[in-house]
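A single structure is presented below for examination.
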There are 2 protein chains.
Amino acid sequence: MQRPRLYEQVAGQITEWIASNDIRSGDRLPPERELATQLGVSRATISQALVALEVVGAVVVRHGDGAIVTDVAGTPRIVEAIRAHANRLPEIIDARDALESKIAALAAQRRTDEHLARIDAALDAMEADVLAGGRGVEGDELFHAAVTAAAASDLLSKMMQEISELVLETRIESLGQPGRPRESLADHRRIADAIRAADPAAAARAMHDHVMRVSDVAILHDDE
Amino acid sequence: MQRPRLYEQVAGQITEWIASNDIRSGDRLPPERELATQLGVSRATISQALVALEVVGAVVVRHGDGAIVTDVAGTPRIVEAIRAHANRLPEIIDARDALESKIAALAAQRRTDEHLARIDAALDAMEADVLAGGRGVEGDELFHAAVTAAAASDLLSKMMQEISELVLETRIESLGQPGRPRESLADHRRIADAIRAADPAAAARAMHDHVMRVSDVAILHDDE
DNA sequence: ATTGACCTATTGGCTAGGCCACTGAACCAC
DNA sequence: GTGGTTCAGTGGCCTAGCCAATAGGTCAAT
């Protein structure tokens with residue numbers, strides 16, 4: 001039924017070429033004309049493929065210079081590498097603190113009414129769950145996702161996504177402690193208030209405190 | 001400086017057209033040939049724009065039939081998404097600030113004498129280069145690498161490595177400004193002093209100030 | 001009247017070839 | 001050295017055209 005579009009194949013071939021030739025970020029792709037003859041397609045098709053790769057963020061094409069590789073799709077390796085690490089929790093906390101504090105600050109500067117609504121919705125869901133005796137894990141995730149969206153930084157968002165798996169583990173552990181969900185809810189309220197008040201410094205501080213509180217439990221749990 | 005790519009404009013115009021004409025999911029766009037004459041561009045460019053819109057999931061193009069609109073809700077964001085790469089400089093700054101400020105703070109807590117020696121060596125190299133009229137790019141890189149090492153966090157270190165290529169661009173641009181290398185050297189001294197004094201807050205602040213100073217130049221350079 | 005095969009206009013897919021604009025580096029004049 | 005200038009390489013975009021898939025009509029067979 002659906003014939004594969006040529007530019008898709010070409011984009012795939014270029015991606016493979018990047019992977020198999022150990023290309024690193026910043027390296028240049030061969031010229032369009034060369035790619036065209038080498039892959040047996042027209043330059044227009046190469047151009048389409050590059051548009052697709054550009055929209056995805058894999059390359060950036062510069063007039064008069066060439067197509068530069070930006071994203072080496074090597075991101076999954078990081079999570080694996082950390083996973084292999086035995087005492088990884090402190091590192092996750094550090095990274096989370098670095099990213100989320102900044103994200104909270106940016107969110108305080110850039111949040112729109114829609115973002116605030118989404119954040120409130122997450123808080124409501126969390127509160128309902130906690131009052132019902134739950135841990136509020138889902139609301140927690142929604143909240144952090146909403147804040148990250150409000151920060152409006154693809155790069156930071158991407159990095160958070162990278163460590164999201166690892167964070168999830170600590171989140172579940174932390175919220176398993178008695179009394180934790182209620183404290184956590186209060187933390188989140190403080191963060192939300194600072195974001196609503198458009199106070200970057202307060203938002204960053206509140207997020208930092210929150211992450212650190214999680215860290216206490218995590219480290220306790222790490223001793224065994 | 002950054003010329004807007006034609007296909008981006010076209011994609012934007014098509015998106016606007018979709019929004020303003022109350023197009024719903026499933027409706028068909030005008031034929032490529034018509035769009036081409038109407039927007040005053042070639043069919044090849046229309047095709048590129050459609051590829052971009054297809055990649056972001058706004059439309060699906062069917063051979064012999066036409067381009068069908070799939071996503072009405074997300075249309076306003078599409079142009080943003082496509083243009084995201086154009087001005088990614090601010091994003092790089094944000095990410096760098098988030099990571100390096102934390103790294104500096106951790107370095108202040110964890111630095112050993114060896115780390116301090118390595119940091120000093122980088123400063124010396126930078127000073128020598130700057131006094132000789134150079135930009136001190138190498139020393140700059142060595143310094144940040146040394147601080148990152150002192151922070152002793154594999155995860156943060158790997159994340160910095162991911163954006164290192166992007167950071168390098170801004171670094172070179174920034175240090176190309178007159179008077180920049182000297183200011184930069186002073187910045188680095190302040191950071192090193194805070195790390196030596198084992199003062200995490202001061203180190204983070206100094207690093208933050210430094211990154212922000214770079215950002216000013218970068219944004220200036222981004223204007224046209 | 002319904003069905004099925006077959007045209008045909010319309011539309012996207014892709015190519016070929018060409019000119020223009022931008023970049024970077026080598027070169028030259030000062 | 002410093003600052004223009006030139007030039008080769010590269011992407012941006014266009015024109016023109018043919019091929020391939022789809023939809024919708026026509027028309028014969030049932």
Side-chain angles (χ1 to χ4, degrees), chain A residues 1-14 23 26-55 58-70, chain B residues 1-14 17 23 26-55 58-70 82-83 85-86 129 131-135 137 168-169 172-173 176-179 181 221-222 224:
Chain A
M1 52 170 276
Q2 275 283 26
R3 93 242 136 258
R5 303 265 237 109
L6 229 204
Y7 82 79
E8 291 177 2
Q9 298 179 29
V10 171
Q13 289 174 322
I14 293 177
I23 305 298
D27 288 355
R28 253 209 291 292
L29 251 46
E32 290 188 358
R33 292 168 174 84
E34 188 178 323
L35 283 173
T37 61
Q38 200 162 333
L39 298 180
V41 300
S42 76
R43 229 186 110 199
T45 300
I46 296 289
S47 188
Q48 284 187 328
L50 289 179
V51 166
L53 290 175
E54 193 171 28
V55 170
V59 303
V60 55
V61 183
R62 296 202 294 206
H63 192 175
D65 191 5
I68 283 85
V69 178
T70 63
Chain B
M1 83 173 250
Q2 275 282 23
R3 94 236 146 260
R5 302 266 238 106
L6 229 202
Y7 81 80
E8 291 179 5
Q9 298 180 29
V10 171
Q13 288 174 322
I14 293 176
W17 183 84
I23 304 298
D27 289 354
R28 258 211 295 291
L29 252 46
E32 290 188 358
R33 290 169 177 82
E34 188 178 324
L35 283 172
T37 60
Q38 199 161 335
L39 298 181
V41 300
S42 77
R43 235 187 101 199
T45 299
I46 296 289
S47 190
Q48 285 188 326
L50 289 178
V51 167
L53 291 174
E54 195 171 27
V55 171
V59 304
V60 55
V61 182
R62 295 199 299 204
H63 191 174
D65 190 5
I68 283 83
V69 178
T70 62
I82 293 178
R83 294 220 171 116
H85 330 285
D129 190 16
L131 288 182
R135 295 180 176 183
V137 175
L168 182 58
E169 293 177 18
I172 291 174
E173 284 180 14
Q177 306 287 323
H221 190 278
D222 201 35
E224 34 183 304

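In what follows, chains carry the letters A, B, and so on, assigned in the order in which the sequence lines appear, proteins first and then strands, with residues in each chain numbered from 1.
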Nucleotide of D:dT10, C:dT15, D:dG12 approaching A:V61 most closely (side-chain heavy atoms):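 Looking only at side-chain atoms, A:V61 lies closest to D:dG12.
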Whole-Å distance separating the CZ atom of A:R28 from the P atom of C:dC22: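 The distance from CZ of A:R28 to P of C:dC22 comes to 18 Å, rounded to the nearest Å.
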Short side-chain to backbone donor-acceptor contact, B:T70 and B:V60, under 3.5 Å: no
For atom CG of B:L39 and atom P of D:dC14, their distance in whole Å: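 In whole Å, D:dC14 P lies 11 Å from B:L39 CG.
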Rounded distance in Å - CD (A:E32) to P (C:dG18): 18 Å
Polar side chain donor-acceptor pair, B:Y7 to A:E54, under 3.5 angstrom: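 Yes, a side-chain donor-acceptor pair sits under 3.5 Å.
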Nearest-angstrom distance from the residue atom CZ of B:R43 to C1' of C:dC14: 9 Å
Sugar-phosphate only, base, or nothing, as touched by A:A44 at under 4.0 Å among non-hydrogen atoms: base
Nearest-0.5 Å distance that lies between atom CD1 in A:I46 and atom CD in A:Q38: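 If I round to the nearest 0.5 Å, the distance is 9.5 Å.
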Separation of atom CD1 in B:I46 from atom P in C:dC14, rounded to whole Å: 17 Å
5'-most by nearest nucleotide on DNA chain C - B:L29 or A:D65: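 This one resolves to B:L29.
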Distance in Å, B:L6 CG paired with B:L39 CG, rounded so as to fall on 0.5 Å steps: 10.0 Å
Under 4.0 angstrom between A:T45 side-chain N/O and C:dT15 OP1 or OP2: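 So the side chain of A:T45 is within the cut-off, an N or O lying under 4.0 Å from OP1 or OP2 of C:dT15.
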Protein-nucleotide distance (B:Q48, atom CD; D:dG11, atom C1'), rounded to Å: 11 Å
B:R5 vs D:dG12: side-chain N/O to OP1/OP2 distance below 4.0 Å: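 Yes, within the criterion.
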Pair of N/O donor and acceptor under 3.5 Å linking D:dG11 base with A:R33 side chain: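 Donor-acceptor pair under 3.5 Å: yes.
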Nearest-neighbour nucleotide for the B:S42 side chain, C:dC14, C:dG24, D:dT15 considered: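 Among C:dC14, C:dG24, D:dT15, the one nearest the side chain of B:S42 is D:dT15.
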Nearest-Å distance for atom pair NE2/P, residues A:H63 and D:dC13: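 My rounded result for the distance is 8 Å.
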Nearest-0.5 Å distance, OG of residue A:S42 to CZ of residue A:R33: 12.5 Å
Nearest-angstrom distance from the residue atom OH of B:Y7 to C1' of D:dG12: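 So the OH-C1' distance, B:Y7 to D:dG12, works out to 12 Å.
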